[in-house]
Amino acid sequence: DQQVKQNSPSLSVQEGRISILNCDYTNSMFDYFLWYKKYPAEGPTFLISISSIKDKNEDGRFTVFLNKSAKHLSLHIVPSQPGDSAVYFCAASLDSNYQLIWGAGTKLIIKP
Amino acid sequence: EAGVAQSPRYKIIEKRQSVAFWCNPISGHATLYWYQQILGQGPKLLIQFQNNGVVDDSQLPKDRFSAERLKGVDSTLKIQPAKLEDSAVYLCASSPWAATGNTIYFGEGSWLTVV
């Protein structure tokens, strides 16, 4: 039973354009969401998070949008850079102190 | 500041053999996690320690997996006997306190192949 789903295994985007990574969840009790970035042969690193009381959180080139009614969140990267090529994981929890439930990840490839 | 250290980085064993992975968390971090990440899936929490006590081991296959965190610092994850489906990356992570996602720091992982 996958509570957090990332339906696109991979995404290819031209350098300089916008990358949009999507994540859907099934548990309406989730109220804390995070995105992690993972390079090959490295552990995941925290990128950005959002609480359910917000619908948008921005940090530099990265913006996360949350649509609670649709149980959907997305990560926007603008503009996309070659260093953004990595696997992006979406994760959710019941609150900021609970176990994280992870999606399967989306591999983002930025083309020069 | 030194990150989370894990060893060995890579291990190949035959099924039914045993293997042990070691983790040294970031200094001062009270919470330590072991995750299993199978290829094509997201990380799955196996066990969470708070100091040297177990907070959550609900997804640890206790018939073959064991973990300890003696003295509340280093930790060891053991698999005995290994099965083919245990082939995965075993990620150790630590945080200053319990499960606040943006303060969890991961090691590079230990890659296990069971043949």
query: Residues two or more places apart in sequence or in another chain: which of them pass ring pair (Phe, Tyr, Trp, His ring centres under 6.0 Å) with Phe106(B)?
result: Tyr36(A), Trp102(A), Tyr35(B)

message: Applying a strict under-4.5 Å side-chain criterion to I, L, V, M, F, W and Y, I'd like to know whether Tyr33(B) and Leu60(B) cluster together.
response: no

task: Flag yes if Leu112(B) and Trp34(B) sit in one hydrophobic cluster, no otherwise; membership is Ile, Leu, Val, Met, Phe, Trp, Tyr, and two members link when side-chain heavy atoms are under 4.5 Å apart.
output: yes

- request: May I ask you to check whether over 12 heavy atoms, not counting those of Leu39(B), lie within 6.0 Å of atom CG?
  value: no

message: Heavy atom to heavy atom, less than 4.5 Å: which residues from residues 47-55 of chain A reach chain B?
response: none

message: Taking transitive links into account, so neighbours of neighbours count too, which hydrophobic residues share a cluster with Ile12(B) at under 4.5 Å side-chain distance?
response: Val115(B)

query: Quick one: of Gly109(B), Pro43(B), Gly42(B), who has the most non-hydrogen atom pairs under 4.5 Å with chain A?
result: Pro43(B)

- request: Please report the shortest heavy-atom distance between Ala104(A) and Gly40(B), naming the atom on each side.
  value: CB-O, 3.4 Å

- request: Decide if atom CZ of Arg17(A) counts as having more than 12 heavy atoms of other residues, nucleotides or ligands within a radius under 6.0 Å.
  value: no

query: Using non-hydrogen atoms only, which part of Gln37(B) is less than 4.5 Å away from chain A: side chain, backbone, both, or neither?
result: side chain

Show every donor-acceptor pair shorter than 3.5 Å between a side-chain atom in residues 39-46 of chain A and any protein atom, with sequence neighbours excluded, or say none if there are none.
from, atom 1, to, atom 2, distance (Å)
Tyr39(A), OH, Lys37(A), NZ, 2.9
Tyr39(A), OH, Gly83(A), O, 2.6
Thr45(A), OG1, Lys37(A), O, 3.3

statement: Honestly, the part of Lys38(A) sitting under 4.5 Å from a heavy atom of chain B is side chain

Lys62(B) atom NZ: more than 12 heavy-atom contacts under 6.0 Å: yes

